[in-house]
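Let me begin by presenting the structure, written as structure tokens, before commenting on it.
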Amino acid sequence: MKTLLAFFTLAALAVASTSPADAKGCVKGAVVGGVAGHYAGHHGVLGALAGCAYGRHRAKEQARQPKGQAPAGQEKI
């Protein structure tokens, strides 16, 4: 019971201390990750967290790409 209380306290502090941020890519990644996690052993929340992190990473990566340049890994041969 103490562990659960400590977890929720830590989560509440983390949410309260964050500032508003641009969540571009997070929602789509969370949906896909949540569905995949649910079907892969009922770990929907864990999948959603991982999907959000990956979606955010991809959005930042695409934002850094100059206009007109192919995304990484998709260059012409």
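Small disclaimer: the values here were computed from a predicted structure and weren't measured.
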Sequence neighbours excluded, every pair satisfying ring pair (Phe, Tyr, Trp, His ring centres under 6.0 Å) that has a member inside residues 31-56: H38-H42

CZ on R58 to NZ on K28, rounded to 0.5 Å: 10.5 Å

As an exercise, state the distance from CD of E61 to CZ of R56, rounded to the nearest 0.5 Å. 12.0 Å

